[in-house]
Amino acid sequence: MNKSRRDGFGSKFGVFAAVVGSAVGLGNIWRFPYVTGENGGGAFLLIYFISVIIIGIPVVLSEFIIGRRGQGNSYGSFKRLSPKTYWYLVGLMGIFAAFIILAFYSTIAGWTLEYIYLSVKNIFSTTTAGISNPETVFNEFHTSTVMPVVWQLVSILLTAFIIIGGVQKGIEKYSKILMPLLFLILVILAIKAITLPGSIDGLKFLLYPDFSKINSNVVLDALGQAAFSLSIGMGVLITYGSYIKKDNNLLKTALAVSVTDMGIAVLAGIAIFPALFAFGLSPQEGAGLVFIVLPEIFQQMFGGQILSLLFFILLAIAAITSSISLLEVIVAYFSEEFKIKRYIATIIGATISAVLGVFATISFGAWKNVKLFGKTIFDNFDFLATNILLPLGSFFILIFLGWSFDVKQTKDEITNQGKLKSWFFPVFLFIIRFVAPLAIFLVFLKRLAII
Ligand code: PFF
């Protein structure tokens with residue numbers, strides 16, 4: 001393929017919107033609040049922040065460098081930058097992770113679509129309080145077979161539709177519209193939450209660190225959450241990096257995206273925890289938190305119907321813009337490496353993901369007793385991707401760039417061939433060579449109870 005004809009992002013805002021679109025997703029709005037709730041609130045938040053700073057940002061930047069320099073999908077970039085070595089396996093691991101994540105991600109994306117429908121039907125408003133119980137509604141829905149699968153397929157179809165449009169006319173175009181909309185909705189919800197009487201306890205829970213809650217599981221969960229939330233360790237940012245123009249400042253983009261991603265997670269926490277505490281509910285609800293507890297709150301709130309509609313639209317947007325980045329990893333790989341048309345690659349990638357996704361979806365109902373290592377299929381997918389593949393992928397990406405790849409070329413990418421300042425470069429090199437990989441390594445050892 002002629003390199004200059006490769007599709008790519010058209011504008012700087014487009015790059016930002018697309019990468020934030022990938023980063024900001026269910027991880028921020030569905031996963032972050034309940035994982036924070038289960039791990040004791042503020043202390044978890046702090047470790048998550050530290051993970052983003054010492055591991056997350058360096059990996060984001062490293063992936064951009066590999067992608068822009070390698071000009072290919074996550075496998076092809078490694079192949080081009082390091083021929084005759086096995087580093088391409090890291091790229092392949094990322095493509096495998098994309099399938100696994102898209103599978104369980106589309107389950108939840110599907111739930112958000114059902115909840116938009118339920119909000120339109122006015123299931124969650126003061127008029128239905130006492131008539132429809134959100135816990136029963138959720139349990140009946142997510143353990144059934146037909147509708148969750150139908151919605152999941154709809155979510156994959158929507159994702160595929162955008163991906164077929166291409167990088168600029170698909171991913172970039174939709175991200176530029178959807179991400180500002182998401183931000184607006186979240187701000188409205190956060191303002192509503194902090195103006196509730198009694199909301200202060202929720203803010204305290206989110207922001208006040210109780211260090212007695214910290215143990216190795218909390219640290220691994222925080223690291224996993226940071227990796228998941230930033231979409232690192234699996235080639236999304238390598239693939240997107242390959243679409244970024246040569247004059248874009250990669251360091252600035254990496255910082256802007258990471259800070260925005262953390263900010264949105266905190267904003268989601270601000271929208272959710274105060275409301276939770278104001279209505280005397282528990283933050284430890286697990287995966288059902290936003291699907292049970294929030295509807296209960298909406299039922300007691302003035303304007304509940306419109307707020308629930310806004311919230312689930314927000315969640316659906318977040319889910320779709322992240323799903324497209326997952327499918328793009330797969331589609332870029334198939335279309336570039338097997339030289340097939342983009343729409344054919346999309347159909348293949350979406351079909352495989354949909355089949356895997358059905359297993360994840362029905363593991364809440366019909367297949368809830370099918371277990372491996374004591375976990376359901378859904379939980380296995382989540383654990384394997386979030387706590388193992390992404391941290392491991394991040395580790396190898398750091399080692400590749402820090403130790404194996406040519407330092408001069410890395411510097412060229414960060415400074416745009418010497419046009420940008422380079423004072424930051426030695427710091428970056430030190431972090432990707434020592435600090436970040438060591439941190440990931442220690443977290444793993446600690447988790448395996450070796451130290
Ligand atoms: N970052 C997304 C979120 O926070 O929901 C999830 C995700 C997307 C993870 C893409 C990994 C990925 F490659």
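Start at 1 and go down the list; that is how both ligands and their atoms are numbered.
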Novice: Is atom CZ of Phe183 surrounded by more than 12 heavy atoms (other residues, nucleotides or ligands) closer than 6.0 Å?
Specialist: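 Not buried by this count: 12 neighbours or fewer within 6.0 Å.
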
Novice: Please state which part of Tyr105 comes within less than 4.0 Å of ligand 1, counting heavy atoms only: side chain, backbone, both or neither.
Specialist: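 Near ligand 1, Tyr105 shows its side chain, while the N, CA, C and O stay back.
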
Novice: Give the residue and atom name of whichever protein heavy atom lies nearest to atom 13 (F) of ligand 1, and the separation in Å to one decimal.
Specialist: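 So the nearest neighbour among protein heavy atoms is Met234 SD, 2.6 Å.
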
Novice: Go through ligand 1 atom by atom and flag the ones less than 4.0 Å from a non-hydrogen atom of Gly27.
Specialist: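 Matching atoms, with element in brackets: 3 (C), 4 (O), 5 (O).
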
Novice: Looking only at protein heavy atoms, which one is nearest to atom 9 (C) of ligand 1, and how far off is it?
Specialist: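 Here the closest protein heavy atom is Phe228 O, 3.3 Å.
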
Novice: By number and element, which atoms of ligand 1 are closer than 4.0 Å to a non-hydrogen atom of Leu26?
Specialist: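 The atoms of ligand 1 under 4.0 Å from a heavy atom of Leu26 are 5 (O).
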
Novice: Considering residues, nucleotides and ligands other than Phe96, do more than 12 of their heavy atoms fall under 6.0 Å from its CZ?
Specialist: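 No, not enclosed.
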
Novice: Working note: Phe64 + Val60, criterion side-chain contact (heavy atoms from CB on, under 4.5 Å); need CA distance, chi angles, decisive distance, verdict.
Specialist: CA-CA 6 Å; Phe64 283 165; Val60 172; 3.8 Å; yes

Novice: Are there over 12 heavy-atom neighbours, none belonging to Tyr343, within less than 6.0 Å of that residue's OH?
Specialist: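 No - once you tally the heavy atoms of other residues, nucleotides and ligands closer than 6.0 Å, there are 12 at most.
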
Novice: Going by the order shown, which atoms of ligand 1 are within less than 4.0 Å of some heavy atom of Asn28?
Specialist: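 Checking each atom against Asn28, I get 4 (O).
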
Novice: At less than 4.0 angstrom from any non-hydrogen atom of Ser229, what atoms of ligand 1 do you find?
Specialist: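 Answer, ordered by atom number: 1 (N), 4 (O).
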
Novice: Write out the residue and atom name of the closest protein heavy atom to atom 4 (O) of ligand 1, then the distance separating them to 0.1 Å.
Specialist: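 Sorting protein heavy atoms by distance from atom 4 (O) of ligand 1 puts Ala23 O, 2.9 Å first.
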
Novice: Within a distance under 4.0 Å of any heavy atom of Ser325, pick out the atoms of ligand 1 and give their elements.
Specialist: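 Listed by number with element: 10 (C).
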
Novice: Is a salt bridge present between Asp7 and Arg342, judged by a nitrogen-to-oxygen distance below 4.0 Å?
Specialist: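 Looking at Asp7 and Arg342, the cut-off is not met.
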
Novice: What residue and atom, counting heavy atoms only, is the protein's closest point to atom 2 (C) of ligand 1, and at what distance?
Specialist: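 Ranking protein heavy atoms by distance from atom 2 (C) of ligand 1, first comes Ser22 O, 3.3 Å.
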
Novice: Give a yes-or-no answer on whether the side chains of Gln225 and Ser51 include a donor-acceptor pair shorter than 3.5 Å.
Specialist: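 Per modelled atom types, Gln225 and Ser51 side chains form no pair under 3.5 Å.
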
Novice: Please identify which atoms of ligand 1 are closer than 4.0 Å to at least one heavy atom of Leu326.
Specialist: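 This gives 10 (C), 12 (C), 13 (F) as the contact atoms.
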
Novice: Can a side-chain donor-acceptor contact be found between Asn28 and Asp261 if the only test is distance below 3.5 angstrom?
Specialist: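 Their side chains do contain a donor-acceptor pair, which is all the 3.5 Å distance test asks for.
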
Novice: Looking only at heavy atoms, which two atoms of Ile47 and Ala222 are closest? And how far apart?
Specialist: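 Taking Ile47 first and Ala222 second, the nearest heavy atoms are CG2-CB, 3.7 Å.
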
Novice: Heavy atom to atom 11 (C) of ligand 1, shortest distance: which of Ala109, Ala385, Ser231 holds it?
Specialist: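 Result: the heavy atom closest to atom 11 (C) of ligand 1 is in Ser231.
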
